[in-house]
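What follows is one structure encoded as structure tokens, with my remarks underneath.
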Amino acid sequence: MPRPERKLITFSIDGREVEAPANMMLVDAAKFGDVEIPVFCYEPKLGAPVGACRMCLVDIEGIPKLQTGCSTPVKDGMVVHTQTRRVKDAQQSVVEFLLINHPLDCPVCDKGGECPLQDVSFGWGGGMTRFVEPKRHFKKPLELSPLIAIDRERCILCYRCVRFSQELSEDYQLVLHERSAATFVGTFDGHPYVAPFSGNILELCPVGALTSMPYRFRARPWDIENAGSVCTLCPAQCNVAFTVRDDRVLRVLARENEEVDDGWLCDKGRFAYQSIHAEERVVAPMVREDGVLREVTWERALEAAKAALGGAQGRIAGLAGGETTNEEGFLLQRLVRDVHGSPHVDSGAGLDRSGLLALGDPGLQATVADLEFAHTVLVLGTEPVDDAPILDLRLRKGVRRNRVKLAVATSRPSSLDPNATLAVRYAPGAEAAFVTALSAAFYGGAVDEPAQAAGADAGAVHELATLLRTSGGDQPGDVVVLYGQRVLAEGEAVTAPLLKLAGALGLSGRPGAGLLGVPTATNGRGLREAGVLPDAGPGLTAVPSAGHGATGIAEATAAGELSVLYLLHTDPLRDEPQRAVWERALEAATHVIAHAGFLTETIREHATVVFPAESYAEKEGTLVHPDGRLQRLRPAIGRPAGVRAAWQVLDELARSAGAEHGVHTVHSATQQLFAAVAFYAGLSVDAIGAKGVRWWEDDARAAAWPQESGLRAAISDLVAKTPLSRTPDYEEAPTPSGLGAADGATNGALRLGTYQSIWAAAEVEASPALKFLHPHQRVELSPADAARLGIEHGEHVTVGSAGATVEAVAHLRNESPAGSAFLQSGIPEDAANVLQGPLVEIRKATPK
Amino acid sequence: MDWTPEDDQLVVVRGPKPGGAGGAYRIFGETLRGLKTTFARAVEGHHTIAYPEEKVPVYPRWRGRHRLHRFEDTGLEKCVGCSLCAAACPADCIRVVAAENTPEHRVSAGERYASVYEINLSRCIFCGYCEVACPFDAITMGNDYELSDYHRSDLIFTKEMLLAEPLERSPIRAEGE
């Protein structure tokens with residue numbers, strides 16, 4: 001549904017005439033008149049109020065009884081009093097009631113000092129209690145989960161946590177047991193409350209009933225400083241505030257930015273800060289000597305890197321990972337491309353320049369907030385909870401509160417399926433055929449053939465097209481297509497029909513509708529725009545000679561054409577899809593220079609020079625959110641003694657090769673980047689500020705997007721080259737002969753799909769609090785396939801393809817489509833990228 | 001408001017003219033008045049206290065070096081590490097790092113205890129706010145005022161030092177003294 005129009009009305013509060021939006025709840029409307037009404041259970045982020053705590057009672061003229069301000073919408077001409085004797089008495093009584101069972105253990109309680117109950121008791125309470133009877137007692141403290149401690153004595157039963165679990169994250173785990181005074185918050189049967197967003201209840205709890213285990217007793221509000229920055233652990237780039245004490249990050253809180261995260265945070269973002277202070281972090285430069293990495297001085301490490309780069313002019317490849325900032329990416333591509341004359345730079349964009357220009361067209365962009373207010377959202381080939389978790393909450397909110405119609409088209413069953421109006425499945429790897437079929441359904445082309453090739457039901461494709469077409473009623477509806485970067489693996493075969501689809505839906509130039517791509521790398525969009533691409537420079541300008549992309553770099557290095565790999569915050573053995581090729585490439589490379597925070601396998605086995613990387617709480621720079629919002633990363637703590645900023649290292653290396661660019665601070669690099677990228681013109685770090693700026697919202701900047709990229713030109717160009725009925729390549733793929741045919745246990749082959757869990761990250765592994773969530777390989781199967789293969793749930797299996805195998809645990813899912821198997825990527829051992837696919841064979845693991 | 005320079009009249013007050021009675025007073029009068037105090041004290045005898053051999057007893061409410069306390073019966077520390085003293089401290093000289101009690105390692109009576117409790121006495125202004133803020137009477141101001149040392153770092157008193165029985169170096173003034 002489109003955004004509701006706001007109408008202003010006038011009402012009177014405490015004798016003052018105040019203007020406020022109509023139907024806003026009194027508690028919020030009162031703030032327009034600088035009147036504060038105390039609340040406990042009311043939280044606008046949680047949706048409809050419940051009026052459970054009775055703290056917000058106000059006197060409204062014409063209504064005999066006191067009314068709850070949190071659930072009374074303000075009306076024109078309403079006369080409200082909050083300072084009368086009657087209201088004061090009611091407030092004091094409510095505080096007295098709430099404190100009857102609340103223990104007075106504030107000195108021990110972690111919430112002390114930042115506790116709304118303390119504040120409200122102080123501000124609106126009577127200061128005395130008449131209650132002398134014994135208080136309610138529960139066993140305490142208890143673990144609600146390994147991350148959350150619950151103290152039921154302190155609970156005032158405001159329902160906030162339960163509402164979050166039931167209505168926001170919809171994991172339906174938290175419930176209230178029992179009735180009246182015996183009521184307590186818990187999970188069914190006392191199971192631990194483990195969910196991707198569980199940590200948000202820590203911030204919601206208005207008392208100390210729910211406290212963080214990793215932060216337990218670490219600091220008091222007056223001991224700490226809050227430092228605002230951005231989380232770089234996934235592309236959602238939530239705004240966070242680091243709680244810093246003694247130059248250590250002790251906690252991460254959400255920093256509300258409605259356009260980015262809506263004030264929520266996932267548990268990875270909330271608890272993986274522990275990796276910043278992990279023991280195993282690399283905090284000194286290292287150089288490989290006699291096959292062993294040894295800590296050396298900065299001078300020696302820089303010397304080694306200079307020698308390696310200087311001796312391989314034109315045979316260098318630079319690869320930037322997701323946590324790289326725009327500035328670092330910009331300096332890397334300049335170092336490799338301009339200084340050392342080698343065009344092989346990539347950030348894993350997976351698309352060529354024309355595709356990026358077409359999909360990135362400013363007119364086609366949708367914002368995160370649009371997900372909430374569109375008529376229909378199509379989730380195409382991405383699992384938001386894994387790829388950009390906070391978008392999952394946004395989609396659920398849109399469906400629940402604004403009646404957004406959600407369509408899910410993925411190969412792997414999505415956690416959003418229950419919320420979706422329509423869920424369509426296609427075979428893993430068949431994105432091109434599926435999008436072709438969908439766009440053909442709009443243009444009246446052949447649907448059956450590509451739908452069959454995609455393993456999708458042609459009827460469902462038609463139904464999906466109808467849903468997208470008719471969502472707005474008589475008018476064309478606002479449609480947002482949220483697609484994962486993995487969808488674009490086949491390049492033009494996907495972008496062409498996707499653009500045709502966008503054209504058919506009239507997404508171009510339409511506010512509130514458009515495309516929103518979720519890159520696999522955190523700063524994927526920023527790195528593209530900063531020119532970390534093989535075939536485009538900063539601002540997506542054309543470069544004279546195109547280099548190799550990521551996989552091309554691996555192949556060329558393995559073949560001996562390239563000799564030096566520069567890995568900026570990336571671990572190809574884990575991040576890149578083709579592990580076997582990368583193993584050969586890293587083996588063949590004469591020098592591997594890496595900026596890394598942890599000694600992962602790639603670094604430990606292959607790196608010759610290791611520069612310690614800054615953590616995201618130490619870094620300064622800019623990032624670009626998937627919807628085009630430039631955000632600032634600001635340092636919260638100082639760097640460990642042996643760590644230098646990556647921009648300094650990159651500039652030092654460029655300078656030693658004779659290129660003086662005048663980069664003296666990170667801001668001078670930012671200025672150079674903004675000057676080099678045409679559509680960032682006029683931006684500055686001050687303009688970006690705390691909440692960020694979407695560059696394409698400014699008309700002049702949007703017009704600076706390389707012009708040959710207009711939607712129409714792109715479509716006509718791409719469509720001319722790509723017939724819509726093109727069958728994708730995977731059908732011609734050879735049948736695998738993975739596990740020996742002689743083996744009697746060999747069974748039929750399944751299509752391999754991959755996904756990366758939210759917990760598959762080096763930061764999660766290095767965080768003690770999150771260790772219990774660290775994923776192990778499992779293969780998701782449909783019960784039909786499992787029955788055919790004779791595999792049971794929880795059994796150890798071997799998944800094989802073309803000679804390579806991984807060990808996994810069979811995980812049977814009823815929703816899983818028959819004929820497909822899903823493996824996790826991004827984990828250190830037995831990751832899906834060991835297998836080539838597209839078909840795999842599964843058999844029972846031979847007992848060791 | 002308008003200002004006319006003529007309205008300001010400078011009145012010069014001059015002392016007595018040299019010579020005569022006024023002159024004599026001017027030379028000796030005030031000096032003798034001062035000397036009156038000098039001679040009066042000389043008659044009283046000496047007041048020097050031979051510190052450090054001899055010490056002035058302090059009043060019972062004297063605010064000297066802090067002390068942390070234990071429960072007499074259980075021996076557990078009274079301090080739960082709530083850090084309220086650090087919040088109240090105007091000189092910012094208290095640092096508390098809390099930790100959680102476990103059944104095997106129980107330090108205080110509550111859920112938490114102070115694993116680090118430091119007072120930087122070179123910064124402390126002995127205002128006593130910490131004592132007022134403490135909800136468990138775990139910290140009180142003692143009466144020891146002899147705190148000089150050779151190194152500034154030695155003036156950071158740790159929890160063990162504050163919990164230990166202090167050397168009774170400063171006498172307390174007895175009732176009615």
Side-chain angles (χ1 to χ4, degrees), chain A residues 99 102-115 117-119 121-122 135 137-144 146-155 207-225 243-251 277 768-769, chain B residues 66 68-71 74 76-120 123-124 127 129-140 153 156 158-159:
Chain A
L99 291 179
H102 193 84
L104 284 179
D105 55 0
C106 299
V108 174
C109 176
D110 249 346
K111 200 81 175 182
E114 49 187 7
C115 175
L117 184 61
Q118 278 184 335
D119 296 347
S121 304
F122 189 72
K135 298 195 175 204
H137 284 295
F138 284 108
K139 189 164 179 274
K140 73 179 206 172
L142 288 173
E143 277 189 22
L144 187 63
L147 298 169
I148 302 167
I150 184 166
D151 186 325
R152 296 191 168 117
E153 290 182 357
R154 294 180 191 150
C155 177
V207 295
L210 297 165
T211 48
S212 160
M213 290 297 274
Y215 186 61
R216 194 166 164 77
F217 302 154
R218 286 293 185 282
R220 288 286 188 183
W222 48 85
D223 293 330
I224 58 174
E225 284 169 17
T243 292
V244 179
R245 184 184 188 187
D246 298 341
D247 223 25
R248 282 174 77 88
V249 176
L250 292 182
R251 177 172 71 168
H277 303 295
Chain B
H66 314 70
L68 284 174
H69 298 275
R70 294 176 188 274
F71 286 105
T74 53
L76 293 174
E77 288 167 18
K78 284 187 176 175
C79 175
V80 297
C82 72
S83 207
L84 277 172
C85 44
C89 182
D92 204 8
C93 68
I94 307 182
R95 177 167 173 266
V96 183
V97 178
E100 188 167 7
N101 279 313
T102 56
E104 302 84 50
H105 181 68
R106 177 159 284 283
V107 179
S108 78
E111 277 173 56
R112 65 196 271 167
Y113 71 95
S115 63
V116 173
Y117 193 104
E118 289 173 357
I119 301 185
N120 185 346
R123 246 192 226 182
C124 178
C127 64
Y129 281 13
C130 45
E131 190 180 14
V132 178
C134 185
F136 292 99
D137 291 339
I139 186 168
T140 57
S153 57
I156 298 174
T158 62
K159 191 173 82 168

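Every chain is numbered from 1, with letters handed out A, B, ... down the list of sequences. Predicted, not measured: the structure shown is a model, and the values here were computed from it.
Remark: side-chain polar atoms of K159(B) are not paired, donor with acceptor, to backbone N or O of V96(B) under 3.5 angstrom. Without hydrogens or angle criteria, R220(A) side chain to G113(A) main chain gives no donor-acceptor distance under 3.5 Å.
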I would like to know whether R251(A) and I224(A) meet side chain to side chain contact (heavy atoms under 4.5 Å, CB included); could you show each step before the answer? CA-CA 10 Å; R251(A) 177 172 71 168; I224(A) 58 174; 3.8 Å; yes
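Heavy-atom distances place both the backbone and the side chain of A87(B) under 4.5 Å from chain A. For a residue to count as touching a neighbouring chain, one of its non-hydrogen atoms must lie under 4.5 Å from one of that chain's; by this rule F136(B) touches chain A with the side chain only. Residue C106(A) does not touch chain B at all, counting heavy-atom pairs closer than 4.5 Å.
Two residues are said to be in side-chain contact when any heavy atoms from C-beta on lie closer than 4.5 Å; H66(B) and C124(B) meet this criterion.
Contact count versus chain A (heavy atoms, under 4.5 Å) is highest, among G81(B), P135(B), A99(B), G110(B), for A99(B).
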